[in-house]
K.L.:
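Below are the C-alpha cells for one structure; questions will follow.
On a predicted model such as this, the values are computed, not experimentally measured, just so you know. Positions are given from 1, in the same order as the sequence printed here. Only this structure's heavy atoms are used, side chains among them; waters, hydrogens and symmetry mates stay out.
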Amino acid sequence: MKKWLLVFLAAAVSLSAADPKAEVLASIETWKQAVLKRDAKALEPLLHPELLYSHSDGRTETKADILKSMANPQSIKFAEPNVRVFGDTVLVKGNVEFVNNVATGGTTTLNLSLLQVWIKTSKGWQLVGRQSTRLTPAP
C-alpha cells in the first residue's frame, strides 16, 4: 500500500511540475526582473542562441545585441497574456507597457502588442522569437 501511495504522489508531483504555461510565465517574470536590473548574467540563459528580437521600430536584434545593449526600463507591465502551448513551444501574446528612462532625463512610455515564442531546451525555457507592434494611445 505504501508503495502505491509513493508512486501516486510521485506521479502527481511530476504532473504539477510539468505545467509549461506556468513555467513560461515564471520565465517571463525572471526575464522582466533581469531586464529591470540590467542583469545580463541572469538574462543570458533565458535567451536562445538563435533569438530574433524584433522591435516596434522595425529593428531586429540577436541575443548578442540584446545582451550588449541592455535597455534601461523603469517599469514593465504585462496585461493578462494569452498563452498557447504546442508541446515544447509556447506562444505568449499580450499588451505590455514599457516605461523607459531617457538619457536626457525623464521617461518615455511605450505601449506594445507583443508576441513571444518560447521553446523548451536542455537549459530550460528560452526566448527564441519576439515581435512587437506599437499601439496607438486611446483618444
K.L.:
Atom CD in Glu61, atom CD1 in Ile66: separation rounded to 0.5 Å?
P.N.:
4.0 Å

K.L.:
Please tell me if the side chains of Ser75 and Phe98 come closer than 4.5 Å, counting only heavy atoms from C-beta onward.
P.N.:
no

K.L.:
Would you indicate whether the side-chain heavy atoms of Leu36 and Pro73 approach each other to under 4.5 Å?
P.N.:
yes

K.L.:
Taking all heavy atoms of Val90 and all of Pro20, pick out the closest pair and write down the distance.
P.N.:
CG2-CB, 4.3 Å

K.L.:
Test His48 against Ile119 for side-chain contact (heavy atoms from CB on, under 4.5 Å), laying out the working first.
P.N.:
CA-CA 8 Å; His48 191 274; Ile119 60 172; 3.5 Å; yes

K.L.:
When clusters are formed by joining ILVMFWY residues with side-chain heavy atoms under 4.5 Å apart, either directly or through shared neighbours, do Leu115 and Phe86 land in the same one?
P.N.:
yes

K.L.:
With a 4.0 Å cut-off on N to O distance, would you call Arg59 and Asp57 a salt bridge?
P.N.:
yes

K.L.:
Can you tell if the side chain of Val96 reaches within under 4.5 Å of the side chain of Lys77, non-hydrogen atoms only?
P.N.:
no

K.L.:
For Glu50, I'd like to know if atom CD has over 12 heavy atoms of other residues, nucleotides or ligands within 6.0 Å.
P.N.:
no

K.L.:
Indicate yes or no: at least one non-hydrogen side-chain atom of Gln116 is less than 4.5 angstrom from one of Leu114.
P.N.:
yes

K.L.:
Is the closest side-chain donor-acceptor distance between Gln33 and Trp31 under 3.5 Å?
P.N.:
no

K.L.:
Side chains of Leu112 and Leu135: closer than 4.5 Å at any heavy-atom pair?
P.N.:
no

K.L.:
Taking the side chain as C-beta and beyond, is there a heavy-atom pair between Arg134 and Leu110 under 4.5 Å?
P.N.:
yes

K.L.:
Verify, without hydrogens or angle tests, whether Asn95 (side chain) and Ala79 (backbone) share a donor-acceptor contact under 3.5 angstrom.
P.N.:
no

K.L.:
Quick check: are there more than 12 heavy atoms from other residues, nucleotides or ligands sitting under 6.0 Å from CZ of Arg38?
P.N.:
yes

K.L.:
Pair Thr107, Gln74 - check side-chain hydrogen bond (donor to acceptor under 3.5 Å, both in side chains), show working.
P.N.:
CA-CA 8 Å; Thr107 61; Gln74 188 177 73; 5.0 Å; no

K.L.:
As an exercise, state the distance from CG of Leu52 to OG1 of Thr62, rounded to the nearest 0.5 Å.
P.N.:
8.5 Å

K.L.:
Shared ILVMFWY cluster between Val117 and Leu43, side chains joined below 4.5 angstrom?
P.N.:
no

K.L.:
Take Tyr53 and Asp65 through the test side-chain contact (heavy atoms from CB on, under 4.5 Å) and record every step on the way to the result.
P.N.:
CA-CA 9 Å; Tyr53 193 98; Asp65 296 329; over 6 Å; no

K.L.:
Compare all side-chain heavy atoms of Asn100 with those of Val102 and state whether any distance is below 4.5 angstrom.
P.N.:
no

K.L.:
Applying salt bridge (charged side-chain N to carboxylate O under 4.0 Å, His left out), name anything that partners Glu44, two or more places apart in sequence or on another chain.
P.N.:
Lys63

K.L.:
Taking side chain to side chain contact (heavy atoms under 4.5 Å, CB included) as the definition, give me every residue that meets it alongside Pro81, ordered by chain and number, with sequence neighbours left out.
P.N.:
Leu25, Val83, Val92

K.L.:
Please lay out, stage by stage, how Ile28 and Phe78 fare under the test side-chain contact (heavy atoms from CB on, under 4.5 Å).
P.N.:
CA-CA 10 Å; Ile28 290 172; Phe78 285 89; 3.8 Å; yes

K.L.:
Determine whether a donor-acceptor pair (N or O, by modelled atom type, separation under 3.5 Å) exists between the side chain of Gln131 and the backbone of His55.
P.N.:
no

K.L.:
Do the side chain of Arg130 and the main chain of Ser54 share a donor and acceptor less than 3.5 angstrom apart?
P.N.:
yes

K.L.:
Quick check for you: to the nearest 0.5 Å, what is the distance between Trp118 atom CH2 and Lys21 atom NZ?
P.N.:
15.5 Å

K.L.:
Evaluate the criterion side-chain hydrogen bond (donor to acceptor under 3.5 Å, both in side chains) for residue pair Ser56 and Thr133; output intermediate values, then yes/no.
P.N.:
CA-CA 5 Å; Ser56 61; Thr133 303; over 6 Å; no

K.L.:
Does Lys120 have any salt bridge (charged side-chain N to carboxylate O under 4.0 Å, His left out) partners at least two apart in sequence or in another chain, and if so, which?
P.N.:
Glu23

K.L.:
So which atom in Pro45 and which in Gln126 form the shortest heavy-atom distance, rounded to 0.1 Å?
P.N.:
O-NE2, 3.0 Å

K.L.:
For Thr89 and Val85, indicate whether the former's side chain and the latter's backbone hold a donor-acceptor pair under 3.5 Å.
P.N.:
no

K.L.:
What's the verdict on side-chain contact (heavy atoms from CB on, under 4.5 Å) for Leu51 and Leu127, showing C-alpha distance, side-chain angles and the deciding distance?
P.N.:
CA-CA 7 Å; Leu51 173 66; Leu127 182 65; 3.9 Å; yes

